[in-house]
Amino acid sequence: MKCLFKIALIVFVVQIGFAQNGRLLHKDIVNLPDSIKQKFLERNKFKTVFTSTKLFKITYESNGLKINGYLSTPIESGSYPVIIYNRGGNRDFGAFNDIGATYVLRSMSQWGYTVIASNYRGGGGSEGMEEFGGTDVNDIHNLIPLLDNLKEADTSRIGIYGWSRGGLMTYRAISESCKFKAAIIGAGMANSFRNIEERPEMEKYVFSELLPNYKTNKEAELKKRSAIYWTDKFCKTTPILLLHGSGDWRVSPKDALDMADSLYAKKHPFRLHFYEGGDHGLSEYDQEVNENAKDFLDYYVKDLNTHPNMEPHGR
């Protein structure tokens, strides 16, 4: 009897622990100073952002850690399709703040989406240690139970969108879950080995400092963060949009081309937009990138269209 009680207690504790994933701990409205707001309003794409959307700073639980992030929703009441946006950078570099979240998340929320983003463990004031594409991917997965409890989120329609390191996080997420109706990878790293060959400082200041057991298990840890080696794990029902510029010095444009080759060979549904001379953030093509991303998300996430026949066919 005592043994059964102990087993029941362990099961209960485990269930309680898992039940905390995605638990919303804080949700505070973000109000920018008028001087900052005016600077946004001077740009055409933000003309209606403050009258059509609202932004919240959030803290939620992920594997026992308090993780910070942001949530943007349309002001008009309703249940909207969802975009999970995965930021780039590492630690505090690239972490969202009120201004960055307004720029990225509210501009997408204008499209008629509930948009949510994590600052991942170890960055942006979040607890824990970052692993640059390791266990921190759980901070993305654990946004889904949070969204399940938001009336503004229709979790039967979720898209996922990541830029740079966020592209790596997106690759990891779609290899572990079929929750996502579509995925967008912007200038995403797909080959960590190439990255450190072309940018040795990434190994010195990022990989060697953040990847667990890097000195003793370097090859395995880099492969874990090199999606080109495990495209067969991607959810077969998640179409992918690749966005990359030929002028990108941070992440090799070859990563997108190699990924396209691999996806084509596996008949995985994808589109590739390769922008001539585009930098890492595709700043020269800002409007076009947003139009491409919105069209892709609207087609597969908002309207739930299925991908076409991937076998050779037609006249």
Side-chain angles (χ1 to χ4, degrees), residues 24 26-60 67-89 92 94-120 123-126 139-140 143-144 146-147 150-155 157-164 166-167 169-170 182-184 186 241 243 281-283 285-298 301-302:
L24 185 60
H26 299 288
K27 179 183 174 188
D28 300 310
I29 192 78
V30 173
N31 291 305
L32 292 177
D34 289 341
S35 58
I36 301 296
K37 189 183 297 186
Q38 183 57 40
K39 290 182 179 180
F40 275 103
L41 292 174
E42 290 169 2
R43 301 185 59 176
N44 284 335
K45 77 180 212 177
F46 295 103
K47 290 293 185 184
T48 60
V49 71
F50 296 103
T51 56
S52 64
T53 69
K54 50 191 173 182
L55 180 68
F56 301 92
K57 186 180 293 186
I58 62 171
T59 302
Y60 66 101
I67 306 298
N68 294 328
Y70 284 87
L71 168 73
S72 182
T73 66
I75 286 177
E76 188 174 344
S77 180
S79 180
Y80 295 92
V82 174
I83 301 170
I84 292 178
Y85 188 86
N86 299 323
R87 72 169 183 88
D92 286 336
F96 274 124
N97 55 25
D98 293 358
I99 294 174
T102 298
Y103 185 86
V104 177
L105 308 186
R106 292 187 79 168
S107 62
M108 289 192 291
S109 190
Q110 285 186 108
W111 303 344
Y113 289 84
T114 286
V115 187
I116 196 166
S118 172
N119 265 334
Y120 319 133
S126 298
D139 301 338
I140 297 169
L143 289 171
I144 294 176
L146 185 159
L147 290 161
L150 289 181
K151 65 180 186 302
E152 300 93 343
D154 177 359
T155 51
R157 297 182 291 168
I158 302 178
I160 188 166
Y161 187 168
W163 205 276
S164 191
M169 303 295 277
T170 302
I184 302 178
L241 172 62
L243 308 169
L282 289 174
S283 60
Y285 294 93
D286 184 60
Q287 182 175 345
E288 186 176 342
V289 166
N290 284 329
E291 289 172 356
N292 294 156
K294 180 181 183 301
D295 288 348
F296 192 76
L297 291 166
D298 284 352
V301 179
K302 185 176 286 187

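- Closest of all the heavy-atom pairs between K54 and I29 is CB-CD1, 4.2 Å.
- Residues Y70 and F56 are not in side-chain contact: their nearest non-hydrogen atoms beyond the backbone lie 4.5 Å or more apart.
- Across all their heavy atoms, S107 and V49 have their closest contact at N-CG2, 4.2 Å.
- Annotation for S52 and T48: closest pair OG-O, 2.8 Å, computed over non-hydrogen atoms.
- Using a 4.5 Å heavy-atom cutoff, the side chains of V115 and L71 are not in contact.
- Donor-acceptor pairing under 3.5 Å is recorded for the side chains of N86 and T170.
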- Task: Check the pair S79, E152 against side-chain hydrogen bond (donor to acceptor under 3.5 Å, both in side chains), reporting the backbone distance first and the verdict last.
- Result: CA-CA 4 Å; S79 180; E152 300 93 343; over 6 Å; no
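- At least one side-chain heavy atom of M169 sits under 4.5 Å from a side-chain heavy atom of Y120.
- Remark: S72 pairs with T53, L55, L105, R106, S109 by the side-chain contact (heavy atoms from CB on, under 4.5 Å) rule, at least two apart or across chains.
- When the options L143, I158, I140, T73 are evaluated for a side chain to side chain contact (heavy atoms under 4.5 Å, CB included) with I116, the one that passes is L143.
- K45 is linked by a salt bridge (charged side-chain N to carboxylate O under 4.0 Å, His left out) to D286, counting only residues two or more places apart in sequence or in another chain.
- Between F40 and F46, the angle of the ring planes goes over 60°, which puts this pair in the perpendicular group of the 30/60° scheme.
- For the atom pair CE of M108 and OG1 of T114, the computed distance is 12.0 Å after rounding to the nearest 0.5 Å.
- When the side-chain contact (heavy atoms from CB on, under 4.5 Å) test is applied to V289, the partners found at least two apart in sequence or on another chain are Y161, W163, L243, Y275, L282, Y285.
- In this view, S126 and I67, N68, N119 satisfy the side-chain contact (heavy atoms from CB on, under 4.5 Å) rule, not counting sequence neighbours.
- For Q38, there are no side-chain hydrogen bond (donor to acceptor under 3.5 Å, both in side chains) partners two or more places apart in sequence or in a different chain.
- Minimum interatomic distance between Y60 and D139 (heavy atoms only, all atoms of both residues): OH-O, 2.6 Å.
- For CD of E42, the number of neighbouring non-hydrogen atoms (other residues, nucleotides, ligands) closer than 6.0 Å is greater than 12.
- For the residue pair V301 and V82, the shortest heavy atom distance occurs at CG1-O, 4.1 Å.
- The environment of NZ in K39 is sparse: at most 12 heavy-atom neighbours from other residues, nucleotides or ligands sit within 6.0 Å.
- Y113 and D298 are linked by a side-chain donor-acceptor pair at a separation below 3.5 angstrom, with hydrogens and angles left out of the test.
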- Task: Assess whether side-chain contact (heavy atoms from CB on, under 4.5 Å) is satisfied between I83 and I160, documenting all intermediate values.
- Result: CA-CA 5 Å; I83 301 170; I160 188 166; over 6 Å; no
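- Once rounded to the nearest 0.5 Å, the distance linking CD1 of I75 with CD of Q110 reads 10.0 Å.
- Listed by chain and residue number, Y300 satisfy the ring pair (Phe, Tyr, Trp, His ring centres under 6.0 Å) test with F296 (two or more places apart in sequence, or in another chain).
- Taking a 6.0 Å sphere around NZ of K151, one finds it holds 12 or fewer heavy atoms contributed by other residues, nucleotides or ligands.
- Here the closest heavy-atom approach between residue S164 and residue G88 is recorded as CB-CA, 4.4 Å.
- With rounding to the nearest 0.5 angstrom, the CD atom of Q287 is 10.5 Å from the CG atom of N292.
- Rounded to the nearest 0.5 Å, atoms CG (L150) and OH (Y80) are 13.5 Å apart.
- Under the 4.5 Å side-chain criterion, counting only non-hydrogen atoms from C-beta, L297 is not in contact with K302.
- Put simply, the side chain of K47 gets close to the backbone of L41: a donor and an acceptor are under 3.5 Å apart.
- Interatomic distance, CG of D98 versus CG of N31, reported as 9.5 Å (0.5 Å rounding).
- We find the CG-CD1 distance between D28 and I58 to be 10.5 Å, quoted to the nearest 0.5 Å.
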